[in-house]
Student: 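Please find one structure pasted underneath; my questions will follow.
Lettering follows sequence order; numbering is per chain, from 1.
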Protein chains: 2
Amino acid sequence: MKTIEQLLESKNIRVTAMRLLIYKFLAEKEIAVTLSDIENAFEKADRTTLYRTIKTFEENVIVHQIDDGTGITKYALCEEGCNCDIKNDLHLHFHCNNCNETICLTEHKIPQIKVPDGFVSENVNLVVKGICDKCSG
Amino acid sequence: MKTIEQLLESKNIRVTAMRLLIYKFLAEKEIAVTLSDIENAFEKADRTTLYRTIKTFEENVIVHQIDDGTGITKYALCEEGCNCDIKNDLHLHFHCNNCNETICLTEHKIPQIKVPDGFVSENVNLVVKGICDKCSG
DNA sequence: ATAATTGATGCAATGGAAGTGCAATTATTA
DNA sequence: TAATAATTGCACTTCCATTGCATCAATTAT
Ligand SMILES: [Mn+2]
Ligand SMILES: [Mn+2]
Ligand SMILES: [Zn+2]
Ligand SMILES: [Zn+2]
C-alpha cells in the first residue's frame with residue numbers, strides 16, 4: 001500500500017500541498033467530480049492551479065476523465081492497478097438522473113462491441129443513465 | 001413516404017423556408033453535424049435561428065442529439081419510424097479519430113447492459129471511437 | 001379586409017467551461 | 001549561496017450554448 005507521496009514520486013511528480021489535498025479530496029469522494037466541485041472545496045486556491053493539478057494527474061494516469069453527457073468533464077481516481085491508458089481496460093460509468101452524481105462501476109467491464117466491416121474500434125465510451133442505488137432505495 | 005412538409009405538419013410545426021432547408025441539409029449528410037456545420041452551410045441565416053430550428057427538431061424527435069465526446073454537440077436525423085424518445089431504441093454512434101466524423105450506426109442496437117442491484121438503467125449512451133470505413137480503406 | 005394574436009427570426013448580450021501567457025513565488029540542484 | 005527549474009496566481013481569451021427583446025411574418029378572429 002503506497003502512500004500518496006510515494007505514488008507521486010513514482011511518477012516523477014513533485015509532492016506539493018495542493019496535490020496532496022486534491023488527491024485526498026478525490027479519494028474521499030466515491031463519485032466523479034467536476035473542476036468546479038474541486039473549486040468549491042478549495043476556495044482559497046486558484047482555479048488554474050486546480051485545473052493544472054488535475055491535468056497533471058490525468059497525464060500520469062492518476063485520474064481518468066469521464067464524459068457522462070452532462071457537458072461537463074468529470075474526473076475520478078483510477079483504481080489501484082487500473083490501466084486507463086490501455087484502451088480495453090475501460091469500465092462503465094453510471095449517471096444518476098435524480099441526484100446528478102456520476103460514479104465509476106469499475107467492476108463492470110464494457111462488453112465487446114461489434115462494429116461494421118471496415119470500421120476499427122479503438123476505444124469505447126459507455127455511460128448508463130438512470131437512478132442510482134441511493135436514489136432508488 | 002411523407003414529404004417534409006407533411007412531417008412537420010404532423011407534429012404541428014409550422015413549415016418555414018429555413019426549416020425545410022435545414023431538414024434537407026441534414027437529410028443529404030449521412031454524418032452527424034454540429035451547429036457550426038449548419039452555420040457554415042447557411043451563412044446568410046442567423047445562428048440563433050439555426051439553433052432554435054434544431055432545438056425545435058429535437059423536441060419533436062425529428063433529430064437526435066449525439067454526444068460523441070468531442071465536447072461539441074452533434075445532431076442527426078432520426079430514422080423513419082425511430083423512437084429516440086423511447087429509451088430502448090438507442091443505437092450506437094461511431095466517431096472517427098482520423099476524419100473526425102461521427103455517424104449513426106442505426107443497425108447496431110446497444111446490447112443490454114447489466115447494472116448493480118439498486119441501480120435502474122433508463123438509457124444508455126455508447127460511443128465507439130476508432131477509424132471509420134472511409135479512413136481505414 | 002382589417003385587426004389582433006401568435007409564432008418565427010435577427011441582433012446583441014450573457015454565461016459557463018476550458019485553456020493560455022506571463023510574472024511571481026517556491027522548490028531543487030549546482 | 002547562486003542558478004535553475006517547476007509550481008502557482010492573475011488576467012485574459014476562446015469557444016459553444018443559451019436568452020431577452022425587438023421586429024417581422026403568418027395565422028386567426030372580428
Ligand atoms: Mn471511471
Ligand atoms: Mn444516431
Ligand atoms: Zn442518485
Ligand atoms: Zn474517418
Side-chain angles (χ1 to χ4, degrees), chain A residues 4-25 32-60 62-76 95 100 102 125, chain B residues 4-25 32-60 62-76 95 100 102 125:
Chain A
I4 309 173
E5 285 87 346
Q6 285 169 338
L7 172 68
L8 295 179
E9 277 161 8
S10 75
K11 300 192 183 246
N12 289 313
I13 302 169
R14 285 198 191 161
V15 177
T16 70
M18 209 61 248
R19 286 172 182 166
L20 291 174
L21 285 169
I22 293 177
Y23 189 98
K24 281 173 196 155
F25 175 74
V33 300
T34 65
L35 212 49
S36 45
D37 289 335
I38 303 176
E39 220 180 307
N40 292 334
F42 300 97
E43 301 205 331
K44 285 165 287 182
D46 188 79
R47 242 178 27 111
T48 316
T49 305
L50 304 175
Y51 172 74
R52 289 201 260 237
T53 300
I54 208 83
K55 287 292 160 192
T56 301
F57 284 0
E58 198 190 341
E59 283 157 21
N60 290 279
I62 292 170
V63 302
H64 61 278
Q65 216 180 333
I66 300 160
D67 173 10
D68 64 7
T70 55
I72 301 163
T73 305
K74 295 184 179 172
Y75 302 90
H95 176 78
N100 259 312
T102 297
N125 182 38
Chain B
I4 310 174
E5 284 86 346
Q6 285 168 337
L7 171 69
L8 296 180
E9 278 161 6
S10 75
K11 300 190 183 251
N12 288 313
I13 303 169
R14 285 198 191 161
V15 177
T16 69
M18 209 61 249
R19 286 172 180 165
L20 292 173
L21 284 170
I22 293 177
Y23 188 98
K24 280 174 198 155
F25 175 75
V33 299
T34 65
L35 210 49
S36 46
D37 289 336
I38 302 176
E39 219 180 308
N40 291 335
F42 300 98
E43 301 206 332
K44 285 164 289 182
D46 186 80
R47 253 182 19 151
T48 315
T49 305
L50 304 175
Y51 173 75
R52 289 201 258 238
T53 299
I54 209 84
K55 286 292 160 192
T56 300
F57 284 1
E58 198 189 342
E59 283 156 21
N60 289 277
I62 291 170
V63 302
H64 60 278
Q65 215 179 332
I66 301 161
D67 174 10
D68 63 7
T70 55
I72 301 162
T73 305
K74 295 184 179 173
Y75 303 90
H95 176 77
N100 260 312
T102 297
N125 182 37

Student: If I take atom CG in residue B/N12 and atom P in nucleotide D/dT28, what distance separates them, rounded to the nearest angstrom?
Tutor: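 Whole-Å distance recorded here is 11 Å.
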
Student: Does any part of the side chain of B/L35, heavy atoms only, come nearer than 4.5 Å to the side chain of B/T73, both counted from C-beta?
Tutor: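 SC-SC contact between B/T73 and B/L35 ruled out.
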
Student: For B/E39, enumerate each residue passing the salt bridge (Lys or Arg N to Asp or Glu O under 4.0 Å) test, keeping only those at least two apart in sequence or located in another chain.
Tutor: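 Checked B/E39 against salt bridge (Lys or Arg N to Asp or Glu O under 4.0 Å); zero matches.
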
Student: Report, as a single string ordered 5' to 3', how protein heavy atoms within less than 4.0 Å touch nucleotides 8-14 of chain D: B base, S sugar-phosphate only, - not at all.
Tutor: BBBB---

Student: Atom CD1 in A/I4, atom CD1 in A/I13: separation rounded to 0.5 Å?
Tutor: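 If I round to the nearest 0.5 Å, the distance is 12.0 Å.
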
Student: Just distance, no hydrogens or angles: give the donor-acceptor pairs under 3.5 Å from side chains in residues 43-51 of chain B, sequence neighbours left out.
Tutor:
{"from": "B/D46", "atom 1": "OD2", "to": "B/T48", "atom 2": "N", "distance (Å)": "2.8"}
{"from": "B/D46", "atom 1": "OD2", "to": "B/T48", "atom 2": "OG1", "distance (Å)": "2.8"}

Student: Could you state the atom-to-atom distance from CG of B/N40 to P of D/dC15 in whole Å?
Tutor: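 Checked: the CG to P distance equals 13 Å.
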
Student: Take the protein atom CD of A/E59 and the nucleotide atom P of C/dG19, then report the distance between them rounded to whole Å.
Tutor: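 Whole-Å distance recorded here is 11 Å.
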
Student: For the residue pair B/R14 and B/R19, what are the closest heavy atoms and their distance?
Tutor: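 That closest heavy-atom pairing would be O-NH1, 2.9 Å.
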
Student: Rounding to an integer number of Å, can you tell me how far B/I72 CD1 sits from C/dA17 C1'?
Tutor: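 Taking atom C1' of C/dA17 as the reference, CD1 of B/I72 is at 13 Å.
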
Student: Please report, rounded to the nearest Å, how far the C1' atom of D/dC16 is from the CG atom of A/D67.
Tutor: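 In whole Å, D/dC16 C1' lies 15 Å from A/D67 CG.
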
Student: So that I know where these two stand, are B/Y75 and B/F57 an aromatic pair - ring centroids less than 6.0 Å apart?
Tutor: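 Ring centroids of B/Y75 and B/F57 are no less than 6.0 Å from each other.
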
Student: Any side-chain heavy atom of A/L8 sitting closer than 4.5 Å to one from A/I62?
Tutor: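 With C-beta onward as the side chain, the pair touches.
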
Student: Which part of the nucleic acid, if any, lies within contact of B/T73, taking any heavy atom under 4.0 Å across all strands shown: a base, the sugar-phosphate backbone alone, or nothing?
Tutor: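 Sugar-phosphate only.
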
Student: Within this structure, what is the NZ-to-P distance between A/K55 and C/dA18, rounded to whole angstrom?
Tutor: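 A/K55 atom NZ is separated from C/dA18 atom P by 8 Å.
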
Student: Tabulated below should be each protein N or O lying under 3.5 Å from an N or O of nucleotides 28-30 of chain C; please produce it.
Tutor:
none

Student: With distance as the sole test, does B/K74 use its side chain to make a donor-acceptor pair with the main-chain N or O of B/A32 at under 3.5 Å?
Tutor: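 Not confirmed, B/K74 side chain does not pair with B/A32 backbone.
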
Student: Under the rule for salt bridge (Lys or Arg N to Asp or Glu O under 4.0 Å), what residues qualify as partners of A/E5, not counting sequence neighbours?
Tutor: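 Salt bridge (Lys or Arg N to Asp or Glu O under 4.0 Å) check on A/E5 returns nothing, list empty.
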
Student: Looking at C/dA18, I'd like to know if its phosphate oxygens (OP1 or OP2) sit under 4.0 Å from a side-chain N or O belonging to A/Y51.
Tutor: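 False: A/Y51 side-chain N/O out of range (4.0 Å or more) of C/dA18 OP1/OP2.
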
Student: Using whole Å, what does the distance between atom P of nucleotide C/dT9 and atom CD of B/E43 come to?
Tutor: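 That distance rounds to 19 Å.
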
Student: Just how far, in rounded Å, is P of D/dT7 from CD1 of A/I22?
Tutor: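 That distance rounds to 13 Å.
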
Student: Is there a side-chain contact between A/H95 and B/N125 in this structure, where contact means two heavy atoms from C-beta onward sitting under 4.5 Å apart?
Tutor: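 Contact flag for A/H95/B/N125 side chains = no.
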
Student: Over all heavy atoms of both residues, which pair between A/T70 and A/D68 is shortest? Give the atoms and the distance, please.
Tutor: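 Closest heavy-atom pair between A/T70 and A/D68: OG1-OD1, 2.6 Å.
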
Student: Roughly what angle, to 10°, lies between the helix axis at the start of the helix from C/dA1-D/dT30 to C/dA30-D/dT1 and the one at its end, five pairs per end?
Tutor: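 The two end axes of the helix from C/dA1-D/dT30 to C/dA30-D/dT1 meet at 10°.
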
